[in-house]
Protein chains: 2
Amino acid sequence: MTDVRPYHHGDLRQAVLAAAVAAITEAGTAGVSLRELARRAGVSHAAPAHHFGDKAGLLTAVAAEGYDLLANALTDAQQRTGSFREVGVAYVRFAIEHRAHFEVMYRPDLYHADDPVVRAARGRAADALYSGIGSLPDGRAGQDVRLVGVAAWSLVHGFATLWLTGALPAGLGDDPETAARAVAGILFRAP
Amino acid sequence: MTDVRPYHHGDLRQAVLAAAVAAITEAGTAGVSLRELARRAGVSHAAPAHHFGDKAGLLTAVAAEGYDLLANALTDAQQRTGSFREVGVAYVRFAIEHRAHFEVMYRPDLYHADDPVVRAARGRAADALYSGIGSLPDGRAGQDVRLVGVAAWSLVHGFATLWLTGALPAGLGDDPETAARAVAGILFRAP
DNA sequence: GATGAAAACTTGACACTGCCAAGATAGCCG
DNA sequence: CGGCTATCTTGGCAGTGTCAAGTTTTCATC
């Protein structure tokens with residue numbers, strides 16, 4: 001069912017997916033249309049729908065890819081640094097580097113949020129995020145683990161979305177990663 | 001024909017604005033159309049555009065109203081409780097109670113974000129949010145005030161958006177205000 | 001290798017959208 | 001009363017998502 005060799009285009013599904021991510025990066029989620037993606041790929045206007053069912057199906061694929069990338073980024077940060085704070089920084093870095101994926105992921109009204117593939121990828125990302133709480137240095141680890149996790153997730157998620165919308169005040173510099181590390185240090189003292 | 005409907009609606013601008021908020025609450029920002037709002041108000045399909053210019057103009061009005069409501073909610077919480085944490089809780093409460101406004105406010109690609117009316121209202125909300133940092137109990141107040149403010153804002157903003165998208169894990173109860181108070185307590189010890 | 005089924009894609013249509021230009025109507029002020 | 005302006009209507013255009021039906025290619029099986 002996957003890519004054996006489609007005939008005219010080669011790999012339309014992948015091409016449309018990549019074009020969608022590029023279009024969302026440039027013009028936001030509202031600036032993407034199936035017909036425009038079809039034009040970019042050089043196929044007829046109804047070809048994309050054949051692979052994704054409908055527009056929500058296309059965005060479902062984007063979301064699934066995003067949760068996969070996020071899970072990888074978080075586990076990588078955890079294994080590389082062993083620091084829960086750096087997992088949070090990796091979350092922010094992912095949001096900025098993969099803005100299109102991030103914007104879709106957290107707008108469940110745009111896609112089929114209970115798609116099994118999405119659910120699985122989201123679960124992996126959640127596990128990766130929570131896995132580092134135990135490695136916290138001192139007092140924090142004694143608190144309710146669930147609350148600490150929600151607080152940390154809220155902090156980095158809020159920071160990322162506020163940064164992306166340009167809502168944050170000036171004076172934080174222009175490197176989101178450095179700023180995120182400083183802000184995360186308010187919640188958890190550096191190790 | 002003996003038409004009961006007068007040619008002039010009387011207060012179309014306000015009617016469309018209210019209908020837009022209701023429609024966004026029900027179906028999200030993507031589920032609102034000028035023509036549908038016109039139908040609900042019983043006017044022709046092009047009437048709303050006369051008051052708002054275009055769709056972005058309508059959402060600009062929604063955003064401005066939202067920032068006004070937010071500024072009021074935050075200053076009220078600050079004056080009533082004197083607690084910075086309760087200002088944060090009020091932020092979350094606003095996001096849940098005025099979901100439609102909140103969703104529009106933080107999607108600047110949908111409206112004219114540099115509209116002077118919006119800028120003024122946003123400034124009032126920011127002032128209200130930051131005004132309570134000085135009243136923090138202990139050590140926190142000695143840190144970089146800007147960083148503490150950004151951390152607090154990020155925390156409550158992230159919590160609100162995650163709650164609204166249904167991304168948070170179960171077990172936090174069904175009252176967002178109580179849950180927000182607990183999560184905010186991780187960042188700032190209760191007074 | 002031929003053949004039939006299935007997958008990939010095209011074509012055409014429908015209802016809907018935002019936006020624009022031009023006309024009709026109402027209230028208001030001299 | 002007569003103009004004037006804001007308000008609203010009408011009609012049209014280009015664009016969209018989605019559906020149904022047809023066409024072309026690939027693949028599996030005989």
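Below, chains carry the letters A, B, ... as their sequence lines are ordered, and counting in each starts from 1.
Residue contacts for A49(B): at a heavy-atom cut-off of 4.0 Å it reaches no nucleic acid atom on any strand shown. Contacts of H45(A) with the nucleic acid, taken as non-hydrogen atoms under 4.0 Å apart, include base atoms. R13(B) comes within 4.0 angstrom of no nucleic acid atom, judged by non-hydrogen atoms across all strands.
Distance CD (E36(A)) to P (dG15(D)): 10 Å, rounded to an integer number of Å. Atoms CG (L110(A)) and P (dG17(D)) sit 13 Å apart, rounded to a whole Å. Taking atom CG of residue D11(B) and atom P of nucleotide dA6(D), one finds them 17 Å apart after rounding to whole Å. Separating the NE2 atom of H50(B) from the C1' atom of dA22(C) is a distance of 13 Å, rounded to the nearest angstrom. To the nearest angstrom, C1' of dT18(D) lies 15 Å from CG of L37(A). For the pair D54(A) CG and dA20(D) P, the computed distance is 13 Å after rounding to whole Å. L58(A) places its CG atom 15 Å from the C1' atom of dT16(D), with the value rounded to the nearest Å. At whole-Å resolution of the value, CG in L12(A) and P in dT26(D) are 15 Å apart.
Residues R39(A) and G53(A) each lie close to DNA chain D; by heavy-atom proximity, the contact nearer the 5' end of the strand is made by R39(A).
Y106(A) and Y67(A) have perpendicular rings, their planes meeting at more than 60° on a 0 to 90° scale where under 30° would count as parallel. Relative ring orientation between H157(A) and F102(A) is described as tilted, the plane-to-plane angle lying within the 30° to 60° band.
For dC8(D), one of the phosphate oxygens OP1 or OP2 lies less than 4.0 angstrom from a side-chain nitrogen or oxygen of H51(B). For S44(A), no side-chain nitrogen or oxygen approaches OP1 or OP2 of dC9(C) to under 4.0 Å.
Closest to the side chain of L34(A), out of dT10(C), dT9(D), dT18(D), is dT18(D). Comparing dT9(D), dC19(C), dA8(C) by their nearest atom to the side chain of V43(B) picks out dT9(D). For K55(B), the side-chain atoms get nearest to dC19(C) when compared with the rest of dC8(D), dC19(C), dT16(D). For A47(B), taking side-chain heavy atoms from C-beta onward, the closest of the listed nucleotides dG17(D), dT9(D), dG18(C) is dT9(D).
Within 6.0 Å of CZ on R119(B) lie no more than 12 heavy atoms contributed by other residues, nucleotides or ligands. Other residues, nucleotides and ligands place more than 12 heavy atoms under 6.0 Å from the CG atom of D175(B).
For D115(A), the side chain to side chain donor-acceptor pair (under 3.5 Å) criterion is met by no residue, not counting sequence neighbours.
With hydrogens and angles ignored, a donor-acceptor pair closer than 3.5 Å exists between the side chain of R35(A) and the base of dT18(D).
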